[in-house]
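Accompanying notes for the structure given below.
Numbers here simply count residues along the sequence, with the first being 1.
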Amino acid sequence: MSDLRSFLEQIRQSRPSDLVEVEREVDPRFETAAILAKLEERQRSPILWFPRVSGCSLPLVTNVCGSMGRLALALGCPLKEVASRYAEAAERRVAPRTVEHAACHEVVLRGDAVDLGMLPRLVYHADDADTGWITAAIVVARDPETQRTNLSFHRLMIAGRDRTGIYMEKGRHLHAIYEKYVGQGRAMPVAVFIGAHPAWSLGALYAGSADVEEYDVIGGLLGEPLEVVSSLTHPELPVPARAEIVLEGEVSATETIVEGPFGEFTGYGTGATRTPVLRIDAITHRREPIMQDIVSGHMEHLVLSMPALEHRTLVDARRVAPGVTSVALVAPLTAVVALKKADDDEPRRLIAALLEADIYSKQVIVVDHDIDPSDLRAVLSAMALQTQADRGVVVLENRQGTPLDPSCPSAEGRTAKLGIDATRPLATRRAVTRNRIPQDVLDRIDLKALLRRR
């Protein structure tokens, strides 16, 4: 069965250069992040394995999903098919299988034995709150009305032996579920698992309808049911049987804590804010557990989210415009959509729909279907040569965005949104021709022969 350990072994066997072990003891405050940043400066993004971390007996692994190549390996498909593999899994979902005994329950800590001090107190950036963070945390919750299980990533700020602050954005599924519990005047039961196979992480990031359960998407990505086990304190909440560490507890309906500042995926920090308190009632883990981490704002943080968000954008776009051929998320909060348009007003309708659909959709650029939306030079050329700002630019004011956007004027995340129609008009306004070299001339050019060294 697939889990974090099996994936790391797969990397060791098939792509050993993708895993770097740092043998000396490292400081969880800034040093692990600094090592990764130095490697990224050299255009490298390997998995980092830290067997010795100051103040902690657990080994630490980070940047597991820091390259699209590793995601492709985890999904068993070529690099170019990651997006289609994700789309297939979202359509052909496989429900999880419940087991009675699980590796994640090999060690059980309750009562006074619960102590988050067993985990490394990771701090990444100079302005981050220095109490320590858990970032590779996948939260499991159940909607009290629909009884559907939801998985999602949320940062946790360690605030004591058994307490954390949990950051939940308005507009995301977990926040909506939490609001229902608050409306009923009760705490929200959650389980948090740490230490995941990349397919688990990708499935947990599914960004579609709340009616779809992420465990089913994970099964689709794996091509088989994920084995899950009931949490000990909240049996209604299943967790992966082979997770490394599980935290079980409740998110208070009334108690809040000052959380942050924290450097986010945008490359900018969010200020301190008040977030609900998650109180931990039990910790379970495998024997000799591995602590998994995601260094916020670096390659893994961006790469891991891309398949899920691009899939959601593609689905939303095709719902409005069937001629959409592909989507690329080229920067934070920015989507480029390639469209074979049916009429000249279709890009504007598409832009409006996408900007309204998602808090992470702030800028949408629509280009013609013959342009690769991931090719920024081609996209910028289309904007320069096809867009007239007085009729090709759409601005929506005071829409719900994400508070993680540093340009938002308030902590609520209200923002203006921008759309650009960079498509060619269907009816030519004046005679223009594109530069081209005759195809027969291109066909007879043999670069290998011409450039052969003599």
From [X] [atom1] over to [Y] [atom2], what is the distance, rounded to the nearest 0.5 angstrom?
X	Y	atom1	atom2	answer
Gln43	Glu41	CD	CD	9.5 Å
Cys65	Leu304	SG	CG	4.5 Å
Leu247	Phe193	CG	CZ	11.5 Å
Asp372	Ser326	CG	OG	6.5 Å
Cys104	Leu232	SG	CG	8.0 Å
Glu300	Leu48	CD	CG	10.0 Å

Carefully, step by step, assess Ile134 and Met157 under the rule side chain to side chain contact (heavy atoms under 4.5 Å, CB included).
CA-CA 7 Å; Ile134 305 171; Met157 186 189 76; over 6 Å; no

Over 12 non-hydrogen atoms of neighbours within 6.0 angstrom of [atom1] in [X]:
X	atom1	value
Glu106	CD	yes
Asn398	CG	yes
Glu100	CD	no
Arg92	CZ	no
Asp127	CG	no

Would you tell me whether [X] and [Y] have side-chain atoms, one donor and one acceptor, within less than 3.5 Å of each other?
X	Y	value
Asn63	Ser45	yes
Tyr86	Glu81	no
Thr135	Tyr124	yes
Thr275	Glu259	no
Lys170	Thr402	no

Checking the side chain of [X] only, and the main-chain atoms of [Y] only, is there a donor and an acceptor separated by less than 3.5 Å?
X	Y	value
Arg70	Val64	yes
Glu213	Asn150	no
Ser361	Leu354	yes
Ser296	Gly263	yes
Arg161	Val114	yes
Ser252	Thr254	yes
Arg148	Val212	no
Ser230	Pro235	yes
Glu310	Leu329	yes
Thr313	Leu309	yes

Could you check whether [X] pairs with [Y] (Lys NZ or Arg NE/NH1/NH2 to Asp/Glu carboxylate O, under 4.0 Å)?
X	Y	value
Arg52	Glu23	no
Glu255	Arg279	yes
Glu227	Arg97	yes
Arg286	Asp3	yes
Glu264	Arg155	yes
Glu31	Arg24	yes

Non-hydrogen side-chain atoms of [X] and [Y] separated by less than 4.5 Å:
X	Y	value
His285	Met118	yes
Val246	Glu248	yes
Leu174	Met168	yes
Ile138	Val192	no
Leu156	Ile158	no
Val61	Asp293	no

Could you check whether Phe7 and His197 have their ring centres less than 6.0 Å apart?
yes

Compute the ring centroids of Trp133 and Phe262, then answer whether they are less than 6.0 Å apart.
yes

Return the minimal non-hydrogen interatomic distance between Ala207 and Ala308, and the atom names on each side.
CB-O, 4.3 Å

Exercise: identify the closest heavy-atom pair between Arg274 and Val258:
NH1-CG2, 3.2 Å

Show your reasoning for whether side chain to side chain contact (heavy atoms under 4.5 Å, CB included) applies to Ile351 and Leu355.
CA-CA 6 Å; Ile351 286 167; Leu355 292 178; 3.7 Å; yes

Under the criterion salt bridge (charged side-chain N to carboxylate O under 4.0 Å, His left out), I'd like the reasoning laid out for Asp143 against Lys180: C-alpha separation, chi angles, the key distance, then a yes or no.
CA-CA 8 Å; Asp143 190 306; Lys180 292 179 182 180; 2.7 Å; yes

For Asp405, which of Lys362, Arg399, Arg414 qualifies under salt bridge (charged side-chain N to carboxylate O under 4.0 Å, His left out)?
Lys362

Could you walk me through whether Leu404 and Tyr167 pass the side chain to side chain contact (heavy atoms under 4.5 Å, CB included) check?
CA-CA 11 Å; Leu404 304 182; Tyr167 184 81; 3.7 Å; yes

Tell me whether the NZ or CZ atom of Arg12 lies within the 45° cone about the ring axis of Trp49 and under 6.0 Å from its centre.
yes

Between Val140 and Val190, is the side chain to side chain contact (heavy atoms under 4.5 Å, CB included) condition met? List the steps.
CA-CA 6 Å; Val140 185; Val190 297; over 6 Å; no

